[in-house]
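Computed from a prediction, not measured in an experiment: that's the story for all the values here.
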Amino acid sequence: MNTKLIEERLADPRAKLVAVTKKHTKEEVDELYRLGVRTFGENRVQEFLEKYDPNYDWHIIGHLQTNKVKYVVGKVSLIESVDSLKLAKEIEKQAAKLDIVQDILVEVRISKQDENKTGLDPEKLDELLEEISKMPHLRLCGLMTIASNTDDQALIAHEFDTMKEMFDKEKVKYPTMTILSMGMSHDYKLAIEHGSNQVRIGTALFA
């Protein structure tokens, strides 16, 4: 475990740490918790279910298929990867069954480098946010993005700035939006400098 990085991230009030535990064991999750980490992010539902501990705070951060929604609603505090009206409607449906309000982020595809990346087209954001705002069992908490996988720091910074501008604009209309989740192991420092208040770090924590 990279205890120095963990201590640094936990001490930084600018951005909440979400420890990404993809491909790591429940024992490693427990060790992170012992070191002070309190929020864990999983990409795949099956892996999440294998490690799920109700005493820990969990986020789903990877692409979520509609047929898997029923397995996570009510168990995770935040679904970070809502990228379609179809998915939002399914989360609303499952949350209504449990009579709970599920917190979500909308994932925006800010990168133009890889059209295969998941996330909503920025041009469709206004429309989706408006529809979500009508759903009583969803709480819109903010936006999430994954920057381009590149060494071009200027490009990544531009993408983060674009997301920050988008976030600032939308939270005026939707005051429940308080989270801007951007930045991973290779670019989290740049993300924080450009407005992120939640980072998703995996590889670097286990280095």
Side-chain angles (χ1 to χ4, degrees), residues 8-22 36-43 48 56-64 69 72-85 87-88 91-92 95 100-111 117-122 124-126 128-147 156-157 159-185 187-202 205:
E8 170 198 299
R9 289 292 90 234
L10 293 177
D12 188 344
R14 294 175 297 170
K16 177 178 179 177
L17 170 64
V18 178
V20 180
T21 52
K22 175 184 176 183
V37 177
R38 292 295 179 264
T39 303
F40 303 91
E42 275 294 339
N43 291 68
F48 160 70
Y56 298 171
D57 179 39
W58 295 93
H59 293 187
I60 286 292
I61 61 175
H63 180 66
L64 181 59
V69 169
V72 302
V73 169
K75 291 187 175 72
V76 300
S77 65
L78 188 63
I79 298 172
E80 297 200 24
S81 48
V82 177
D83 60 359
S84 70
L85 180 58
L87 178 56
I91 298 170
E92 164 69 20
I100 63 170
V101 176
Q102 176 67 61
D103 288 350
I104 65 166
L105 304 183
V106 169
E107 181 183 359
V108 179
R109 189 178 68 249
I110 200 66
S111 171
K117 277 187 183 290
T118 58
L120 182 74
D121 185 324
K124 298 178 181 178
L125 180 60
D126 285 335
L128 181 58
L129 295 186
E130 185 173 349
E131 290 299 320
I132 288 173
S133 71
K134 301 172 187 174
M135 300 181 188
H137 297 92
L138 297 188
R139 182 183 294 112
L140 175 63
C141 293
L143 305 177
M144 183 268 263
T145 200
I146 300 172
I156 296 172
E159 291 174 349
F160 287 152
D161 283 339
T162 301
M163 276 300 303
K164 182 63 163 61
E165 290 172 11
M166 207 177 300
F167 174 74
D168 288 343
K169 173 190 169 188
E170 298 295 353
K171 73 177 182 179
V172 173
K173 187 173 181 181
Y174 305 103
T176 56
M177 287 180 52
T178 59
I179 300 171
L180 179 56
S181 177
M182 56 185 194
M184 300 189 294
S185 286
D187 60 12
Y188 73 87
K189 291 182 180 179
L190 196 60
I192 294 171
E193 289 172 10
H194 290 265
S196 174
N197 59 22
Q198 182 166 283
V199 292
R200 310 174 307 274
I201 304 178
L205 292 183

Practice item. Could you tell me the separation between the CZ atom of R9 and the CD1 atom of I201, rounded to the nearest 0.5 Å? Key: 5.5 Å
Point to revise | Heavy-atom side-chain contact between V106 and D83 under 4.5 Å | key: no
**Study point:** Side chain to side chain, M144 and L180, heavy atoms closer than 4.5 Å
**Key:** no
Practice item. Just do the side chain to side chain donor-acceptor pair (under 3.5 Å) check on D57 and S77 with the steps written out, would you? Key: CA-CA 6 Å; D57 179 39; S77 65; 2.5 Å; yes
**Study point:** K124, NZ: over 12 other non-hydrogen atoms inside 6.0 angstrom
**Key:** no
Practice item. Would you sort out whether E159 and T145 count as a side chain to side chain donor-acceptor pair (under 3.5 Å), showing the intermediate values? Key: CA-CA 9 Å; E159 291 174 349; T145 200; over 6 Å; no
Practice item. For R200 and S181, run side chain to side chain donor-acceptor pair (under 3.5 Å): C-alpha distance rounded to whole Å, both residues' side-chain angles, the deciding distance at 0.1 Å, then the answer. Key: CA-CA 8 Å; R200 310 174 307 274; S181 177; 2.9 Å; yes
Point to revise | Between OG1 on residue T162 and CE on residue M182, distance to nearest 0.5 Å | key: 9.5 Å
Check your understanding: What's the spacing between Q198 CD and L143 CG if we round to 0.5 Å?
Key -> 12.0 Å
Check your understanding: Hey, does R109 have a side-chain heavy atom less than 4.5 Å from the side chain of L120?
Key -> no
Check your understanding: Less than 4.5 Å apart, any side-chain heavy atom of F167 and any of M177?
Key -> yes
Exercise for review: Please determine if K164 and D161 form a salt bridge, counting it only when a charged side-chain N lies under 4.0 Å from a carboxylate O.
Suggested key: no
Check your understanding: Do K189 and V199 come close enough that some side-chain heavy atom pair is under 4.5 Å?
Key -> no
Review point. Is a side-chain donor or acceptor of D168 paired with a backbone partner of E165 at a separation under 3.5 angstrom?
Key: no
**Study point:** F40 and W58 aromatic ring geometry - parallel, tilted or perpendicular at 30°/60° bounds
**Key:** tilted
Check your understanding: Does the side chain of E42 pick up a donor-acceptor pair with the side chain of T21 at under 3.5 Å?
Key -> yes
Review point. Please walk me through it: do H59 and I79 pass side chain to side chain contact (heavy atoms under 4.5 Å, CB included)?
Key: CA-CA 6 Å; H59 293 187; I79 298 172; over 6 Å; no
Practice item. Side-chain contact test, heavy atoms from C-beta onward, threshold under 4.5 Å: evaluate it for N43 versus I61 and give yes or no. Key: yes
